[in-house]
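Okay, so here's the structure we're looking at.
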Protein chains: 2
Amino acid sequence: MATIADVASYTGLSRATVSRVINDYPHVSKDKRELVHEAMKELGYFPNTSARNLRNRRTNLVAVLIPRLTNPFFTLILDGIEKVAEENGFQLIICQTKSSKKKELEFLNLLQTKQVDGVIFTSIENDWEEIQPYTAHGPIILCNEYHHDATVPMVRLNQVQGSYLGTKHLIERGHKRLAYCMGSTSGLSNDRRKGFFQAVHEAGLEVKSEWIFHDTYTMEDGVKTFNKILSLTERPTAIFTGGDEVAAAMVKEAKRNGLDVPGEMAILGFDDQPIASMIEPELTTIYQPGAEIGGRAMTIFMDCLKGKRDRISQSVMELPLSLVIRKST
Amino acid sequence: MATIADVASYTGLSRATVSRVINDYPHVSKDKRELVHEAMKELGYFPNTSARNLRNRRTNLVAVLIPRLTNPFFTLILDGIEKVAEENGFQLIICQTKSSKKKELEFLNLLQTKQVDGVIFTSIENDWEEIQPYTAHGPIILCNEYHHDATVPMVRLNQVQGSYLGTKHLIERGHKRLAYCMGSTSGLSNDRRKGFFQAVHEAGLEVKSEWIFHDTYTMEDGVKTFNKILSLTERPTAIFTGGDEVAAAMVKEAKRNGLDVPGEMAILGFDDQPIASMIEPELTTIYQPGAEIGGRAMTIFMDCLKGKRDRISQSVMELPLSLVIRKST
DNA sequence: CGATTTCATGGAATCGATTACAAACATCAT
DNA sequence: ATGATGTTTGTAATCGATTCCATGAAATCG
């Protein structure tokens, strides 16, 4: 491979001058500039990125932590991040955490070793105190996540408002007994729960503890949970789910059991994924602007890197969720 | 940030010795080794990746070219690649081409500048002759793609066999008039078409040119195409689609029009995405082992990098597709 | 015991760029 | 003519690691 030294000796100029041409700096005469360009083409020269990174102390790489690539909502976020990254000449390194605390910390190693300029979390597994020390090594942005004591910029969706909206909708449809399915016990889940109970209490309703279900993520979880609900003696008439996959699976299972949706059981989704409008009845769900939140996070990341923005003090940007009423409620 | 020189002077040793400890080389006495480890911890030292990359002429990074992140089939491939990459200490850089020839070539720049050790294509836009020169700079693997004259390893699915299987199934169900929807005019599409017509000709059937539809990718395309099919005077009774999204949208549109699926119209999907088993009736479709093909491609990539395998001569690994019979046919 | 091999360590070159500083020269106002 | 200013170019240091080679000490061997 040709190096900058080869180009220099080929043209009879110094490496410094060649470098100036490469980086399009001023103070290089027109003829030398052209000479260098020709030589680069002639020799098949391309600047070595590792060398540049070392010298410039920049890699133009961001690590994006994501639980699973096969989760459409997260790829939507990723898509939003990618768009802004591309506009800024940044590349993304995908880090699939599979929801493992250990893996999450391993990926932060990329930051310490300066393989990436910063990190965007689309979900956090560890406590903030575990993460905090890493903020010394570069910008860390939380996207779609919130930690009360995190000293970094966060872009989040107003989950409280979103679940409040959805729950209120169920109540307005006349439902008095609501089942609630949640995922993990993350900050995000807590917010949804808050919104749910806010609406419930406002309406003066009661939610029995056996109507609350934990760790429902996948379609299989949806089927299982739905059957648990069916077997309850005092059965809820509406279900608040943590995601469209779960909701879709429940709708299907309901039909398999001869239950009318929404007549005998109303089911509310979350995310507004493509599947929501493909199944029958179409899912009423809560739209989360995934691509937008990703884009915002990446924009903030760039501002931090450029020093336009403080990266080690807390800031929160909040986007609203909206209810999409279809046929399942 | 602490450097190796800091660790060296802190311990009173040379950089060479510290480096040996970092890389776990032999010929370092036990006490010095411990001394260095303590010093590293004490100083908060982490080896700089850019410096290592420069010196080692390796980045442990692969660029993965993918049309869209929001296409579930491709994220499945990505997931398979990621798994093997992780086992080998490699990271993935995502390159979303959005099916643009120009972007695709831009991403190949990562290879020339040695930002990545190699490239995996999950889809190719440019002609092979455009890509070929880049093979000089590192391993290039085609995953789920095939180019007749490509001089690199390819891992592909037997699309001819897959579409033959699906088409034969439709014929066995008694259908005589088959509509055929294809995507682009890539090698992959050609293969599917070949399998389709093979089955059709074997059965002595005829396919009118107005039963063939191009550029059907999305759900919207599905709806549009379905309506075109409905308006035909001599209407087909079965549809071979290029993907489950298209098929799902068609099933839905059929129901909206009061047509029974599969009674009045059989619809065959492709991919076996989660949505296939969520809609009603469930889609008969062709299962493509996405994760597996990704994993295989990455394994081959590693072999090329280790020199265990020739990277600039053609080799083809072909995996079979299988028919998943459900309710839409 | 002397010769040979192995171990432990350091010095210095190297990977391939960028950039501070200096020097040579041209331009221009006074 | 003098000094100030700006342009063009080169020299050499630097970024932070790895590794070849050399050296002395210790272990092994006949």
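Predicted model only: the values in this text are computed from it and were never measured. A note on names: the letters A, B, ... follow the listed sequences, proteins ahead of strands, and every chain is numbered from 1.
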In the 5'-to-3' direction, what one-character label does each nucleotide of nucleotides 18-27 of chain D receive under the scheme B = base within less than 4.0 Å of a protein heavy atom, S = sugar-phosphate only, - = no such atom?
BBB-------
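In this structure, CG of B:D31 is placed 10 Å from P of C:dA8, rounded to the nearest angstrom. Atom CZ of A:R57 is separated from atom C1' of C:dT19 by 13 Å (rounded to the nearest Å). Whole-Å rounding puts the B:M1 CE to D:dA17 C1' distance at 16 Å. Atom CG of B:N48 and atom P of D:dG16 are 6 Å apart (whole Å). As rounded to whole Å, 19 Å separates atom C1' of D:dT14 from atom CZ of A:R58. Here the P atom of nucleotide C:dT18 and the NE2 atom of A:H27 are 17 Å apart, to the nearest Å. Residue B:L35 contributes atom CG, which lies 13 Å from atom C1' of C:dT9 at whole-angstrom precision.
The CE atom of A:M154 sits 12.5 Å away from the CZ atom of A:F121 when rounded to the nearest 0.5 Å. Taken from CG in A:L92 to CD in B:Q91, the straight-line distance is 12.5 Å, to the nearest 0.5 Å. Remark: B:R33 CZ to B:I22 CD1 distance equals 11.5 Å, nearest 0.5 Å. Distance check, rounded to the nearest 0.5 Å: CG of A:L61 to CD1 of B:I93 gives 4.5 Å.
When each of A:E292, A:E145, A:E318 is paired with A:R156, the salt bridge (Lys or Arg N to Asp or Glu O under 4.0 Å) condition holds for A:E318 and for no other.
Contact check for B:I66 versus B:T97: no side-chain heavy atoms found under the 4.5 Å cut-off.
OP1 and OP2 of C:dA8 both lie 4.0 Å or more from every side-chain N or O belonging to B:K32. Distances shown here put every side-chain N or O of B:T3 at or beyond 4.0 Å from the OP1 or OP2 atom of D:dC15.
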When you compare the protein's N or O atoms with those of nucleotides 24-27 of chain C, which come within less than 3.5 Å of each other, and at what distance?
none

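At distances below 3.5 Å, at least one donor-acceptor pair connects side-chain atoms of A:Q314 with backbone N or O atoms of A:A150. Proximity of a side-chain donor or acceptor of A:E104 to a complementary backbone N or O of A:E125 within less than 3.5 Å is detected. Between the side chain of B:T122 and the backbone N or O of B:L65 there is at least one donor-acceptor pair closer than 3.5 Å.
Counting only heavy atoms from C-beta on, A:S14 has its side chain closest to D:dT11 among D:dT11, C:dC15, D:dA17.
When each of B:K30 and B:L54 is assigned the nucleotide of DNA chain C with its nearest heavy atom, B:K30 is the one assigned upstream, toward the 5' end.
Under the 30°/60° scheme for interplanar angles, the aromatic rings of B:F46 and A:H137 are found to stand perpendicular. Aromatic ring orientation, A:H147 versus A:W128: tilted (interplanar angle from 30° to 60°).
The bend of the helix from C:dC1-D:dG30 to C:dT30-D:dA1, defined by the angle between the axes of its first five and last five pairs, stands at 40° to the nearest 10°.
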